[in-house]
Amino acid sequence: MTPPARSSAAALAAAYAALSMPGVLLAQTVASLAALSEHPLPDGRSIFVERYLVEDEYSELKGWRERVSVSDSPFGGTLELEVDCADAGGFAARGGRLAFHCGQEWVAELLLHAVIIYDELGRQIHYIEHCRDLAWASDQVVTCNSEQVTFDGALELRRKEVPLTAEATPQGPPERLWLVIGASDEMPGVIARQARSLSGRFPQGLVVQTKDCGEETNSFAWVAEASLSPETAEAALSRLRASMTDAFVRPCDARPGTLLALRMTAVDPSVADMSDWGYVTSDGVSSAHPLPDGRLILIPRSFEIATNGDYADLREPVFIAEPSGGAPRLLVEDCAYPGHFITQGDLLAFDCAQEVFADFLVYGVLVFDRAGRQLAKVERCRYPIWSGDHVIACRKLVWDSWPKEHTLIRTVIGE
């Protein structure tokens, strides 16, 4: 099944207008527009484009959207690349990198596109504005159809060559570890309570995620020690079995750029107090996000529970760690649901929510330099992408009594 053609603004408007018709016609229209298409790539992966309707009027993504994801990522499963990619197409892969175009803005009732290129980890490494249908000329040169709207409102396409700038530095090989495991579970709350009962006897213990060892399915384990040698691990196992007879050792090839590689716990002790709360499970798990230049974004998540026990606040500070080592540097003290981390040279941009309006989280885009200085904050904007040298583009949120729509805006980032 393939998504419906979208050749003009008029065609889109007609389809959307049909959604206002009552009864069966509405259901038929939704069924005909919603689609999931698969696009196999020469390297064995597949691109999936899901066209779906967000009907919740309180969602900032209300309306028709196209989500793009890629299968068979290096760590298993499916990796989401774009949550809002109109008229997605032009899929091309080379050396683990993946490119496709997304509709970005309407000019004179014509949808103009941008080519976005990702590395094998799903990180945006290039953005080519007003271009579509990329082809690889070499590892560092691509061609695409440049889009230009003529004076009389027609779309003019011209093939152009685009050299690519330097890309990601390698993260290094996995590190062989021997994990001394005393407890395991699939839920962060359960493992946090198990870790609490064990941490008094083994204060150096930490919670790890099995996906950090390269496993396709993820679960949690409390580890008394992550040893570099099997002999050291066996010695630690003997001490642990004095109180836990079912403890064991297992080898793990810890992926670089993960919490385990940094010996950071994946589940904060405060999660143990959340057993009676209706919180989102992922909110209780810390995360690490490798950047193309070798740096790491670290988000240690924890909960601050009110003294009266009536509510709990999620805390999400954002740190950055240099590939050369050293203590991580704090970028933002508290930033709800940070994501969409992208770099351009020494610049870093991402979005997160730092305020609430009418019970809705309000997102903004933050931009930092290499020294950790905040260079810009684009209020009420989300999903940042680079749209030129020192130019950030994001979806501007338009408010009425609730979030209504997104409009692509661009902001020049000063030094």
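In what follows, residues are counted from 1 in the order of the sequence shown. Source: prediction; values computed, not measured.
In this structure E50 satisfies the side-chain contact (heavy atoms from CB on, under 4.5 Å) test together with L36, Y52, R67, sequence neighbours excluded.
No side-chain heavy atom of F48 sits less than 4.5 Å from a side-chain heavy atom of S37. The closest side-chain heavy-atom distance from I125 to Y118 is not below 4.5 Å. In this structure the side chain of I47 reaches within 4.5 angstrom of the side chain of V68, judged on heavy atoms. Using a 4.5 Å cut-off on side-chain heavy atoms (C-beta onward), P251 and L177 make no contact. For the pair V271/R196, no side-chain contact is recorded, criterion being any heavy-atom separation below 4.5 Å from C-beta on. A heavy-atom distance below 4.5 Å is found between the side chains of L366 and V332. Residues D283 and F303 form a side-chain contact, since some pair of their non-hydrogen atoms from C-beta on lies under 4.5 Å apart. The side-chain heavy atoms of F319 and P300, taken from C-beta on, include a pair separated by under 4.5 Å.
Residue I392 holds its CD1 atom at 8.0 Å from CD1 of I385, rounded to the nearest 0.5 Å. For the atom pair CG (L81) and OG (S69), the distance works out to 7.0 Å, reported to the nearest 0.5 Å. Rounding to the nearest 0.5 Å gives a distance of 6.0 Å between CZ of F248 and OG of S184. The CG atom of L41 lies 10.5 Å from the CZ atom of F100; values are rounded to the nearest 0.5 Å. To the nearest 0.5 angstrom, Q104 atom CD is 7.5 Å from C85 atom SG. Rounded to the nearest 0.5 Å, atoms CG (D346) and CG (L375) are 10.5 Å apart.
Looking only at distances, no side-chain donor or acceptor of K396 sits under 3.5 Å from a matching main-chain atom of V378. Listed for the S199 side chain is no donor-acceptor partner under 3.5 Å among the backbone atoms of F202. With hydrogens and angles ignored, the 3.5 Å screen pairs no side-chain donor or acceptor of T232 with any backbone N or O of L228. Not a single donor-acceptor pair under 3.5 Å links the side chain of R382 to the backbone N or O of G364.
Among Y383, Y363, W386, the one residue that satisfies the ring-ring contact (aromatic ring centres under 6.0 Å, His included) test with H340 is Y383. Among I191, T210, V190, the single residue meeting the side chain to side chain contact (heavy atoms under 4.5 Å, CB included) criterion with F220 is I191.
For R65 and E82, the salt-bridge test fails: no basic side-chain N is under 4.0 Å from an acidic carboxylate O. Using a 4.0 Å cut-off between a side-chain N of Lys or Arg and a carboxylate O of Asp or Glu, E225 and R239 qualify as a salt bridge. Taking 4.0 Å as the cut-off between side-chain N and carboxylate O, E215 and R250 count as a salt-bridged pair. Here D293 pairs with R370 in a salt bridge; the nearest charged N to carboxylate O distance falls below 4.0 Å. Ion pair E105/R410 flagged as a salt bridge, since at least one NZ, NE, NH1 or NH2 atom sits closer than 4.0 Å to an Asp/Glu carboxylate oxygen.
Nearest heavy-atom pair across I116 and C102 is CD1-SG, 4.3 Å. Scanning both residues, R301 and S287, for their nearest heavy atoms gives NH1-OG, 2.9 Å. R51 approaches E66 most closely through the heavy-atom pair NH1-OE2, 3.7 Å. Between L259 and T265 the shortest heavy-atom distance is CD1-O, 4.2 Å. Heavy atoms only, all atoms of each residue included: I117 and A99 are closest at CG1-CB, 3.8 Å. Across I128 and C131, no two heavy atoms sit closer than the pair CG2-CB, 3.8 Å.
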Requested in this report: Would you check, one step at a time, whether the test side chain to side chain contact (heavy atoms under 4.5 Å, CB included) holds for I299 with H289?
Outcome: CA-CA 8 Å; I299 307 173; H289 305 267; 3.7 Å; yes

Report task. Step by step, work out the side chain to side chain contact (heavy atoms under 4.5 Å, CB included) result for L348 and R295. Result -> CA-CA 10 Å; L348 164 69; R295 292 181 293 173; 4.3 Å; yes

Query raised in the report: Could you walk me through whether C352 and F350 pass the side chain to side chain contact (heavy atoms under 4.5 Å, CB included) check?
Result: CA-CA 7 Å; C352 64; F350 58 91; 4.3 Å; yes

Query raised in the report: Please walk me through it: do L260 and C213 pass side chain to side chain contact (heavy atoms under 4.5 Å, CB included)?
Result: CA-CA 8 Å; L260 178 56; C213 299; 3.9 Å; yes

**Report entry** From CA spacing to verdict: salt bridge (Lys or Arg N to Asp or Glu O under 4.0 Å), R315, E333
**Finding:** CA-CA 9 Å; R315 299 300 181 191; E333 187 171 353; over 6 Å; no

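The aromatic rings of H101 and H113 sit perpendicular, their planes meeting at an angle over 60°, well past the 30° parallel limit. Using cut-offs of 30° and 60° on the angle between ring planes, the pair F91 and H39 is tilted.
No more than 12 heavy atoms of other residues, nucleotides or ligands shown are found within 6.0 angstrom of CD on Q204.
Using modelled atom types and a 3.5 Å distance limit, the side chains of R132 and S146 yield no donor-acceptor pair. Counted by atom type alone, Y337 and D351 present zero donor-acceptor pairs between their side chains at under 3.5 Å.
Screening residues 174-187 for salt bridge (Lys or Arg N to Asp or Glu O under 4.0 Å), with sequence neighbours left out, gives E175-R263, R176-D253.
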